[in-house]
K.L.:
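So that we are looking at the same thing, I have put the structure below in structure tokens.
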Amino acid sequence: MIEAASKRFYRDGFRDVGLDQILSDVGISKTAFYKHFSSKEDLMLAVIEAQDHWLQNHFQSMVDQRGGSDPRARLLAVFDVVDDIVNLDEFRGCFFVKVAMEFPLQHDPAHRAAAKNKRAMFDVVEKLSQQAGADDPETLAKQLMVLMEGAFVTRHVTGDHDAISIARQVGELLVDRSLTTSRTTSSD
């Protein structure tokens, strides 16, 4: 149910998809649905949580695979991961940005769930920044996250295949500056 609903919501939007469409996709009755979920909103939140869990695991695994053991390479691998994601055949934009756009009020449970994912991704990038020896891992993580988000959106909206490589080039400058400052400070 979660996988089918996730595909439908991602493709058609949360507000535009009716419960009957999902039940038809899955082939179950409303009675069976209500044994697991109390409402469409509960299903939506379960879908967002499942996507969050998948992305966090997938993202970290891909960073590990692409970045190897070098902390700087692992940090810059976040751009390789973004590139891999946007080049998937099924990519239709950032799932969590779509959620936040459909539910723009920050107190809305769906919006809060999308924001939770963005915070979790930030935590991953901040940890990678710390491991690489950044002088200010929090600021570097914020900068890299803005670049990643911008690359996601630019690639999706414009189709510009250079968006990710441009973001990576700027990211390399930021990382090198942060690491140089850190090494200079520690060697003084």
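On a predicted model such as this, the values are computed, not experimentally measured, just so you know.
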K.L.:
Of all heavy-atom pairs between Ala100 and Ala114, which one has the smallest distance, and what is that distance?
P.N.:
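Closest approach of Ala100 to Ala114: N-CB, 4.2 Å.
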K.L.:
Which heavy atom in Leu144 sits nearest to a heavy atom in Gly171, and how many Å separate them?
P.N.:
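Looks like CD2-CA, 3.8 Å.
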K.L.:
Looking at Lys118 and Glu149, is any side-chain nitrogen of the basic one under 4.0 Å from a carboxylate oxygen of the acidic one?
P.N.:
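Yes.
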K.L.:
Pick out which of Arg8, Lys7, Met1 makes a side chain to side chain contact (heavy atoms under 4.5 Å, CB included) with Asp25.
P.N.:
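Looking at Arg8, Lys7, Met1, the match for Asp25 under the side chain to side chain contact (heavy atoms under 4.5 Å, CB included) is Arg8.
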K.L.:
Take a 6.0 Å sphere around CD of Glu172 and say whether it holds more than 12 heavy atoms from other residues, nucleotides or ligands.
P.N.:
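Yes, the 6.0 Å shell around CD holds more than 12 heavy atoms from other groups.
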K.L.:
Strictly below 4.0 Å, N to O, side chains only: are Asp135 and Arg177 in salt-bridge contact?
P.N.:
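Not counted as a salt bridge, because no side-chain N and carboxylate O are separated by less than 4.0 Å.
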K.L.:
Looking at side-chain heavy atoms only, is the closest gap between Cys94 and His156 below 4.5 Å?
P.N.:
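No, too far: nothing below the 4.5 Å cut-off.
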K.L.:
Closer than 3.5 angstrom, by distance alone: can the side chain of Ser24 be matched with the main-chain N or O of Asp20 as a donor-acceptor pair?
P.N.:
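Judged by distance alone, no pair lies under 3.5 Å.
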K.L.:
Can you confirm whether Phe96 sits close enough to Ile48 that some side-chain heavy atom of one is under 4.5 Å from a side-chain heavy atom of the other?
P.N.:
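SC-SC contact between Phe96 and Ile48 confirmed.
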K.L.:
If you round to the nearest 0.5 Å, how far is CG of Asn87 from NE2 of His161?
P.N.:
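Going from NE2 on His161 over to CG on Asn87, the span is 7.0 Å.
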K.L.:
Any side-chain heavy atom of Phe95 within less than 4.5 Å of one from Asn117?
P.N.:
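SC-SC contact between Phe95 and Asn117 ruled out.
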K.L.:
Give a yes or no answer on whether the side chain of Tyr10 reaches the backbone of Phe91 with a donor-acceptor pair at less than 3.5 Å.
P.N.:
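Judged by distance alone, no pair lies under 3.5 Å.
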K.L.:
At what distance, to the nearest 0.5 angstrom, does CG of Leu75 lie from CD of Gln130?
P.N.:
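Nearest 0.5 Å value for the CG-CD distance: 11.0 Å.
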K.L.:
Are Leu128 and Val124 close enough, and set up right, to give a side chain to side chain contact (heavy atoms under 4.5 Å, CB included), and what steps lead you there?
P.N.:
CA-CA 6 Å; Leu128 291 168; Val124 169; 4.1 Å; yes
K.L.:
I want to check something: taking the side chain as every heavy atom from C-beta on, are Leu140 and Val125 in contact at a cut-off of under 4.5 Å?
P.N.:
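SC-SC contact between Leu140 and Val125 ruled out.
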K.L.:
Tell me whether Arg168 is salt-bridged to Asp83, with the criterion being a basic N under 4.0 Å from an acidic carboxylate O.
P.N.:
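Answer for the salt bridge query: no.
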K.L.:
If you compare all heavy atoms of Leu179 against all heavy atoms of Gly133, which two are closest, and at what distance to 0.1 Å?
P.N.:
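That closest heavy-atom pairing would be CD2-C, 3.6 Å.
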K.L.:
How about CD on Glu3, more than 12 heavy atoms from neighbouring residues, nucleotides or ligands closer than 6.0 Å, or not?
P.N.:
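Incorrect, the count does not exceed 12.
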K.L.:
Decide yes or no for Arg15 and Phe103: does some side-chain heavy atom of the first lie under 4.5 Å from some side-chain heavy atom of the second?
P.N.:
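In short, these two side chains touch, coming nearer than 4.5 Å.
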K.L.:
CZ of Phe122 to CE of Met145: how many Å apart, nearest 0.5 Å?
P.N.:
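Between Phe122 CZ and Met145 CE, I get 8.0 Å after rounding to 0.5 Å.
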K.L.:
At their closest point, which heavy atom of Phe33 faces which heavy atom of Ser39, and how far apart are they?
P.N.:
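Scanning both residues completely, I find the closest heavy atoms to be CZ-O, 3.6 Å.
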K.L.:
Kindly determine whether Asp64 and Gln60 satisfy side chain to side chain donor-acceptor pair (under 3.5 Å), including the steps that lead there.
P.N.:
CA-CA 6 Å; Asp64 293 344; Gln60 187 64 59; 3.0 Å; yes
K.L.:
Taking all atoms of both residues into account, what is the closest heavy-atom pair of Asp136 and Ser178, and its distance?
P.N.:
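Minimum heavy-atom separation between Asp136 and Ser178: N-OG, 4.2 Å.
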K.L.:
Do the side chains of Glu102 and Lys98 get close enough for a salt bridge, i.e. N-O under 4.0 angstrom?
P.N.:
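No.
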K.L.:
Please check if the number of heavy atoms outside His58 that lie under 6.0 Å from its NE2 is greater than 12.
P.N.:
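Buried by this count: over 12 neighbours within 6.0 Å.
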K.L.:
Quick one, Arg66 and Asp84 - any side-chain contact, counting heavy atoms below 4.5 Å?
P.N.:
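Yes, close enough: below the 4.5 Å cut-off.
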K.L.:
Quick one, Val78 with Met121, criterion side chain to side chain contact (heavy atoms under 4.5 Å, CB included). Give me CA distance, side-chain angles, the key distance, then yes/no.
P.N.:
CA-CA 10 Å; Val78 299; Met121 292 294 100; over 6 Å; no
K.L.:
Hey, any chance Phe9 and Val97 share a hydrophobic cluster, counting ILVMFWY side chains that come within less than 4.5 Å of each other, even indirectly?
P.N.:
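Unlinked, Phe9 and Val97 end up in two clusters.
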K.L.:
Measuring from Gln131:CD to Asp70:CG, what's the distance to the nearest 0.5 Å?
P.N.:
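Nearest 0.5 Å value for the CD-CG distance: 11.5 Å.
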K.L.:
Going by heavy atoms in the side chains, are Arg92 and Arg11 under 4.5 Å from each other?
P.N.:
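A side-chain contact is absent here, since even the closest heavy-atom pair is not under 4.5 Å.
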K.L.:
Can we say Asp162 and Arg155 salt-bridge, meaning some charged N sits less than 4.0 Å from an Asp/Glu carboxylate O?
P.N.:
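Salt bridge: no.
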K.L.:
When you look at Gln51 and Ser6, which way does the side chain to side chain contact (heavy atoms under 4.5 Å, CB included) test go after all the steps?
P.N.:
CA-CA 8 Å; Gln51 283 296 314; Ser6 180; 2.8 Å; yes
K.L.:
Would a distance-only check, ignoring hydrogens and angles, find a side-chain to backbone donor-acceptor pair under 3.5 Å from Lys116 to Glu49?
P.N.:
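Between the backbone of Glu49 and the side chain of Lys116 there is no qualifying donor-acceptor contact (under 3.5 Å).
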K.L.:
Are Thr154 and Asp160 linked by a side-chain donor-acceptor pair shorter than 3.5 Å?
P.N.:
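The criterion, which ignores hydrogens and geometry beyond distance, is not satisfied for Asp160 and Thr154.
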K.L.:
Same cluster or not: Tyr34 versus Ile28, using hydrophobic residues (I, L, V, M, F, W, Y) connected whenever any side-chain heavy atoms lie under 4.5 Å apart?
P.N.:
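Looking at the clustering, Ile28 is in the same group as Tyr34.
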K.L.:
Between Lys30 and Leu23, what is the shortest heavy-atom contact and its length?
P.N.:
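Scanning both residues completely, I find the closest heavy atoms to be CG-CD1, 3.3 Å.
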K.L.:
Is Ile166 reachable from Ile164 through a run of hydrophobic residues whose side-chain heavy atoms are each under 4.5 Å from the next?
P.N.:
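They do not share one cluster, since no chain of ILVMFWY contacts under 4.5 Å joins Ile164 to Ile166.
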K.L.:
Check for me, please, whether Ile2 and Trp54 land in the same ILVMFWY cluster - side-chain distances under 4.5 Å, paths through other members count.
P.N.:
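Linked, Ile2 and Trp54 end up in one cluster.
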K.L.:
Between Asp52 and Gln56, does any side-chain donor sit less than 3.5 Å from a side-chain acceptor?
P.N.:
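Judged by distance alone, the side chains do pair up.
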K.L.:
Just how far is it from atom CG of Leu19 to atom CE of Met44, taken to the nearest 0.5 Å?
P.N.:
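CE of Met44 is found 11.0 Å from CG of Leu19.
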K.L.:
Going by heavy atoms in the side chains, are Val81 and Met148 under 4.5 Å from each other?
P.N.:
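The answer is no, as the side chains (C-beta and beyond) never meet within the 4.5 Å cut-off.
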K.L.:
Do His111 side-chain atoms and Gln106 backbone N/O form a donor-acceptor pair below 3.5 Å?
P.N.:
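It does not hold such a pair.
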